[in-house]
Each structure stands twice: as structure tokens, then as C-alpha cells.
Amino acid sequence: HRTVNQIRTYAAPGEGAIPASKKKYVPTSGTYPLGFRAGSAHVGVKASNTRFDDLALIASQSPCSGAAVFTTNKFQAAPVTVTRHMLKRRSGKGIRAVVVNSGCANAVTGKGGIEDAITMGKSTDQCFIKDDNGEDDGEGSRTIVMSTGVIGQRLPIQKITDKIPTAYYNLSNTHDHWLSAARAICTTDTFPKLLSRSFTLPSSTETYHLVGMTKGAGMIHPNMA
Amino acid sequence: TLLGILCTDAPIAPKQLRTLLASAVTKSFNSISIDGDTSTNDTVALLANGAAGGKPIDDKYSTDYGAMREVLTEFAIDLAKLVVRDGEGATKFVTIRVTGAASYDDAKRVASTIARSPLVKTALYGKDANWGRILCATGYAEGVSSVIPEQTSVSFVPTDGSEELKLLVKGEPEAVDEERAAKILESEDLEILVRLSEKEGEEAVYWTCDFSHEYVTINGDYRT
């Protein structure tokens with residue numbers, strides 16, 4: 001520990017103070033894309049996490065195009081399978097949200113894990129259907145589902161679905177909301193990883209925006225397709 | 001596990017969104033390694049809602065598509081680098097640049113092999129200019145035909161803009177200034193440059209970190 005001072009735990013994203021040497025990588029402001037909002041909520045996916053948000057929701061106010069790349073590991077986690085099928089079924093159209101839990105990966109959890117991932121997506125969809133006056137486009141789930149954390153354990157799915165509406169009602173486009181969502185997806189990370197940028201394109205006068213959040217500190221050698 | 005979520009208010013058709021993301025990921029998230037383990041959950045998603053207006057990007061041969069690809073790739077690289085900066089136990093941020101390869105895939109395979117080598121990573125942690133380990137990893141990169149020992153050179157490139165420190169030139173070891181090597185290796189950021197040939201060829205860049213006692217402590221403590 002003396003050498004790099006990086007004691008880490010899995011349970012609580014944001015629990016530890018950000019190391020002084022890493023603070024420069026955490027933005028204090030940002031410029032975020034129109035029509036996207038971020039929110040988070042505390043579930044306590046890991047029982048030892050009693051305080052910190054571990055559920056993140058990123059949502060578009062209108063249906064949008066969506067695409068994803070996934071691990072090529074043959075033991076693909078349930079949310080990977082469920083999201084891949086969803087994007088294929090919808091041909092990447094009409095996507096509304098990304099819901100992410102940390103603390104449990106929902107990986108190698110069999111058919112029950114698949115059902116849990118589907119339930120996470122459907123519970124998120126319900127929030128949008130309510131706000132869209134009960135209207136649904138009839139093409140199934142519109143939510144990308146992600147999980148990260150411990151492998152081989154079932155999700156506490158009831159606890160998660162109970163808190164999805166909280167994350168939904170917390171949605172906002174402020175910097176603090178984006179940063180809280182970035183923190184909620186962390187596992188052994190020592191700092192939240194969030195970037196935003198403005199740009200233009202040659203054939204238009206509009207200014208566009210990009211936001212990105214990522215997490216990862218160990219088990220990292222991605223080979224996604 | 002690596003997770004990534006990217007959102008833009010640019011108008012991009014789903015088909016183009018897929019190819020843009022795949023292209024950006026190849027040179028960013030698929031070009032990093034912390035510990036060589038590929039997770040069961042790695043996912044990067046990109047959403048585009050068109051809320052900022054303008055002409056939709058629906059032609060992969062358009063100038064807008066090309067510009068969007070460039071913006072997205074640079075952005076994804078910056079995000080991917082943050083992951084490496086937070087590698088478990090990491091004390092160093094290491095860029096591995098392989099040039100002069102017969103193909104991009106060859107260059108990337110060599111870079112990836114070096115990035116996964118425990119002996120290279122522990123040498124970096126120990127601040128040891130151990131080009132032998134770098135060369136060894138270069139030599140066993142699978143499926144690469146463009147590695148010719150007599151044409152291969154290895155250098156450390158300091159991040160302060162000063163001249164590279166040549167360790168091996170065309171297969172022949174250089175007399176290394178150990179004091180300068182030690183100074184370069186003291187820095188948190190370091191670039192390893194492997195030239196497979198002096199001829200013009202393909203280049204790949206990979207980002208990794210060192211391998212410390214702390215990595216073992218963190219993962220030895222962890223329980224499923």
C-alpha cells in the first residue's frame with residue numbers, strides 16, 4: 001500500500017476520496033448534448049453499500065439512434081445478451097435510455113439472470129411510457145441495460161426496480177447530475193470518468209455536443225465487436 | 001469490466017452510428033489493456049438524438065461522416081486513456097507505439113502483446129529500461145509476419161518533448177545512458193516506440209500501465 005496508496009473496495013462507488021493525483025482528471029464543468037439527461041439513485045446492490053448511488057440512468061427526451069459494441073468473451077453476461085438482441089430487434093431505432101447498476105455484474109447467472117436484465121429494461125421503459133401518456137411504440141424494450149461488479153451472483157432485482165423511478169425522477173442535464181451518474185457506475189475506480197465536448201460538422205452551422213462516461217480499473221483488456 | 005456510454009445531439013442514422021462506433025472503438029477502447037483480462041460485461045454504447053438539428057448523417061462517404069468519425073475517435077481515445085490512468089495498482093501511464101508494420105493489424109498485435117507482458121509491466125514498475133523484455137514480447141506476437149529482428153528498433157520517448165532514448169537499433173543494442181533512462185522512467189507518462197522497419201509502414205498505438213504489488217493486493221483481497 002505504501003507504494004501507490006490505492007486501497008480499493010468493490011462495494012461503494014464514490015466511497016473513497018479521489019486521490020490528489022487524479023483530481024485533475026475529474027471535470028468541474030461541462031457542455032452537454034441537448035435532450036439528454038442523467039440521473040442516479042442508491043440501491044445498495046452490495047449490502048455493504050449503505051450510502052452511495054449505484055444505479056445510473058441516461059435518457060433521451062426523444063427516441064434516438066443507438067448502437068453498441070460488446071465483449072467477445074464467450075461467457076457473455078445477461079445484460080450483454082439482452083441489449084444485443086434489443087438493438088438488433090429495433091435495428092438501432094427508437095432507443096430512449098441506458099440503465100446501469102454497479103456492484104453486481106449479472107454474469108454467469110443463467111436464465112434467471114437474463115430475466116433480471118429484461119426486467120431492468122422493462123422497468124425503465126415503464127417510466128417513459130408513463131410520461132408519454134401511456135403511449136408505447138409496440139416494438140418492445142427501448143432501454144440499453146448494463147451491469148458491472150461481482151460475477152456469479154444474481155442481481156437484487158426487486159431492490160433495483162424499486163429505485164429505477166427514483167433515478168428517473170432525478171434526471172437532469174446539469175454537470176452535477178452527469179458526474180453523479182458517472183460515479184454511480186464505478187466499481188474499484190478511484191475517480192469518475194466523464195468528458196464532454198462541442199464540435200461542428202462541415203455541412204452545417206449548428207454546434208453539436210458529445211458526452212461520454214466510462215468506468216473500469218481491472219479486468220480490462222477489451223475486445224469488443 | 002469496461003463500460004462506456006456516449007451521447008450526442010448530432011443527427012446520425014442507426015446504420016452509420018454502428019460503423020462510426022465500431023471504427024472509434026478499434027482505435028480507443030479496443031486499444032487499451034490494464035491486466036490482459038477480457039471481461040464478461042464489456043459494453044460501449046453510443047446514442048444520437050439529433051436534438052441539435054442539421055442535416056442527418058446517413059451516408060458513410062459524406063464529409064460529415066468523415067468529420068464525425070474523427071471527432072468520435074479522438075473523444076473515445078480520451079475516455080479510454082482515463083481508464084488506463086485509473087488501472088488497479090498502476091503507477092505509470094504507458095503509450096506503446098508500433099510503426100513500420102506491414103499492416104495495422106500486425107502493428108496492433110505487437111503493441112497488444114507488449115501491453116500484456118507481465119515482465120514488461122513489472123520492469124516498468126521497477127523503472128528498469130529492460131528492452132530485452134519488450135523485444136521478447138514483440139517476437140512472440142501471434143500471427144505477425146512483419147517482425148524481422150535485424151530491422152527492429154526500440155526506444156523510450158520522453159513526454160517532455162526531448163529526444164528519444166534509443167535502446168536497440170536494427171537489432172543491435174545501444175550503449176544506454178542509464179542515468180537518462182532512469183530519469184525517463186521516473187516520469188508517470190512514458191512512450192515505448194517499436195519500429196519494425198525503417199520503411200514507411202502501418203502504425204498502431206496502444207495504452208497500458210505498469211503492474212505493481214498493489215494490483216495483487218487489490219485482487220487478492222477481492223472475493224466473489
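Protein chains get the first letters and strands the later ones, always in sequence-line order, with residue 1 at the start of each.
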Among the options B:Val44, B:Leu17, B:Leu46, pick out the one with the most heavy-atom pairs lying under 4.5 Å from chain A. B:Val44

Leading residue by heavy atom contact count with chain A [cutoff under 4.5 Å; candidates B:Ser112, B:Ala76, B:Gly50, B:Gly36]: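 Most pairs with chain A among the choices: B:Gly36.
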
Check each atom of A:Ser91 against the heavy atoms of chain B and say whether the ones under 4.5 Å are side chain, backbone, both or neither.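 The backbone, not the side chain.
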
Contact list for residues 48-83 of chain B, test ring-ring contact (aromatic ring centres under 6.0 Å, His included), sequence neighbours left out: none

Could you verify whether a donor N or O on one side chain and an acceptor N or O on the other, from B:Asp37 and A:His221, lie under 3.5 Å apart?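 Short answer, no.
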
Between B:Ile32 and A:Pro222, is any pair of side-chain heavy atoms under 4.5 Å apart?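 With C-beta onward as the side chain, the pair touches.
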
With a 4.5 Å limit on heavy-atom distance, are the side chains of B:Thr1 and A:Thr187 in contact? no

Using the test ring-ring contact (aromatic ring centres under 6.0 Å, His included), find all partners of B:Phe156 that sit at least two apart in sequence or belong to another chain.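 Testing B:Phe156 for ring-ring contact (aromatic ring centres under 6.0 Å, His included), a comparison that skips the adjacent residues, returns none.
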
Could you tell me the separation between the NZ atom of B:Lys55 and the OG atom of A:Ser204, rounded to the nearest 0.5 Å?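 Nearest 0.5 Å value for the NZ-OG distance: 9.5 Å.
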
Point-to-point distance, once rounded to the nearest 0.5 Å, from CG of B:Leu6 to OG1 of A:Thr214: 8.0 Å

Please lay out, stage by stage, how A:Phe36 and B:Asn49 fare under the test side chain to side chain contact (heavy atoms under 4.5 Å, CB included). CA-CA 8 Å; A:Phe36 281 103; B:Asn49 66 5; 3.3 Å; yes

Mind ranking A:Gly35, A:Ser21, A:Pro202, A:Ala56 by heavy-atom pairs under 4.5 Å with chain B and telling me who comes out on top?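 Option with the top pair count is A:Pro202.
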
A:Met224 and B:Leu2: CA distance, side-chain angles, deciding distance, side chain to side chain contact (heavy atoms under 4.5 Å, CB included) verdict: CA-CA 10 Å; A:Met224 297 175 288; B:Leu2 175 96; 3.6 Å; yes

Salt-bridge present (B:Asp78, A:Arg197; N to O < 4.0 Å):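 Answer for the salt bridge query: yes.
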
